[in-house]
Amino acid sequence: MTAFSTSEATSSHSVPPADSKARVSQFMRQIQDEICQGLAALDGVGKFQEDSWERPEGGGGRSRVMREGAVFEQGGVNFSEVWGEHLPPSILAQRPEAAGHGFYATGTSMVLHPRNPYIPTVHLNYRYFEAGPVWWFGGGADLTPYYPFAEDAAHFHKTFKQACDAHHPEYYPTFKYWCDEYFYLKHRQETRGVGGIFFDYQDAQGELYRANNTNGPAALHSAKVGSLTRTWEELFAFIQECGQTFLPAYVPIVERRRNMEYGDRQRNFQLYRRGRYVEFNLVYDRGTIFGLQTNGRTESILMSLPPLVRWEYAYQPEPNSPEAELYEIFLKPQDWANWKAS
């Protein structure tokens with residue numbers, strides 16, 4: 001499917017259809033259903049328990065959590081749909097023209113924490129926001145391995161690149177750079193994992209990159225591409241393809257690693273590295289901040305945190321170990337989409 005436009009925008013391009021909220025909401029529920037069904041089949045033991053909730057100010061959602069599965073120690077797949085009159089500060093700081101309008105936001109988010117240290121943790125989030133004349137899509141998916149397998153990182157990236165390329169040839173390179181930039185722990189000076197794609201504030205017109213690091217690779221690449229004109233329908237089609245790409249991107253990795261034997265060393269390292277996940281989500285994650293600022297359901301917002309985690313003072317990996325390889329290669333941005341087995 002090819003869905004991109006470089007034509008001159010008409011006013012209709014920048015206005016969402018009348019049923020925009022209902023259509024995106026339906027898709028976000030559908031992708032939650034599809035992913036949960038696929039993951040339950042993959043795990044074979046664990047079942048998702050659903051917890052529906054309502055937000056007093058407007059809206060609600062369905063949280064689905066799996067615990068103590070054969071593969072997944074804990075994983076959550078959330079759908080939410082909220083609305084209200086008062087925009088949170090995190091939105092107004094980015095889009096001041098939304099001030100004075102009621103807002104609507106819906107999305108699906110997921111974090112899976114496998115038990116086996118050789119299976120990577122994975123995260124997905126796709127969302128839609130509307131406030132008066134302002135609307136946008138955002139989201140992405142990224143992979144956080146504990147032990148380095150180049151073929152896994154390459155498969156994840158190549159699968160998402162194929163989905164991006166079907167909609168615009170510059171989506172993947174820009175959104176890959178943006179992902180490396182966004183999932184970065186400044187206080188550790190390392191990426192959270194091997195990345196994937198990440199994007200936000202995607203609307204009818206403008207450059208692809210919409211963030212503050214104007215000298216970073218994402219901004220520089222986006223500036224070369226220049227301003228693009230896209231319709232609401234084109235962006236919605238892109239979001240749908242990204243959502244449906246998750247299972248093909250992740251399931252083969254789980255199947256490759258699920259029966260690998262591991263010991264205390266690997267498990268302890270996994271629990272230590274999970275600490276980075278906690279640090280990122282509590283300090284930097286935009287979805288966590290938005291959820292807390294809009295009085296979302298705390299249990300659902302924090303379901304992304306792992307069930308077990310450890311911190312170790314001044315940890316250093318042993319030289320020439322798999323743990324050292326993770327730090328030296330996999331926690332620095334790489335061109336995974338063009339990786340070839342040697």
Measure from the ring center of [X] to the ring center of [Y] and say whether it is less than 6.0 Å.
| X | Y | value |
| --- | --- | --- |
| Y128 | W136 | no |
| Y104 | F129 | no |
| F238 | F199 | yes |
| F183 | F280 | yes |

Salt-bridge criterion met for [X] and [Y] (N-O under 4.0 Å):
| X | Y | result |
| --- | --- | --- |
| E151 | R256 | no |
| E233 | R23 | yes |
| E279 | R192 | no |
| D33 | R64 | yes |
| R29 | E81 | yes |
| R62 | D51 | no |
| R210 | E207 | no |
| E190 | R276 | yes |
| D203 | R95 | yes |

Kindly work out whether a path of hydrophobic side-chain contacts (I/L/V/M/F/W/Y, heavy atoms less than 4.5 Å apart) joins [X] to [Y].
| X | Y | value |
| --- | --- | --- |
| Y177 | L185 | no |
| F149 | W339 | yes |
| L302 | W311 | yes |

[Y] versus [X], side-chain donor and acceptor atoms under 3.5 Å:
| X | Y | result |
| --- | --- | --- |
| S300 | S63 | yes |
| Q270 | Q266 | no |
| E170 | H221 | yes |
| H167 | E234 | no |
| Y209 | E181 | yes |
| S20 | E130 | yes |

To the nearest 0.5 angstrom, please state how far the [atom1] atom of [X] sits from the [atom2] atom of [Y].
| X | Y | atom1 | atom2 | answer |
| --- | --- | --- | --- | --- |
| L208 | K224 | CG | NZ | 13.5 Å |
| H123 | S304 | NE2 | OG | 7.5 Å |
| Y201 | W135 | OH | CH2 | 14.5 Å |
| Q30 | F79 | CD | CZ | 12.0 Å |
| L124 | I31 | CG | CD1 | 8.0 Å |
| N116 | E261 | CG | CD | 10.0 Å |

Heavy-atom neighbours of [X] [atom1] exceed 12 at 6.0 Å:
| X | atom1 | answer |
| --- | --- | --- |
| R310 | CZ | yes |
| N320 | CG | no |
| E97 | CD | yes |
| H86 | NE2 | no |
| D335 | CG | yes |

(message) Please determine whether side-chain hydrogen bond (donor to acceptor under 3.5 Å, both in side chains) holds for the pair Y146 and E323, giving the CA-CA distance in whole Å, both sets of side-chain angles, and the decisive distance to 0.1 Å.
(response) CA-CA 8 Å; Y146 302 99; E323 294 86 358; over 6 Å; no

Side chain proximity check, [X] to [Y], heavy atoms < 4.5 angstrom:
| X | Y | value |
| --- | --- | --- |
| W53 | S80 | yes |
| R257 | P145 | no |
| Y171 | K176 | no |
| Y284 | I289 | no |

(request) Report the relative orientation of the aromatic rings in F198 and Y182; use parallel for angles under 30°, tilted for 30 to 60°, perpendicular for over 60°. (result) parallel

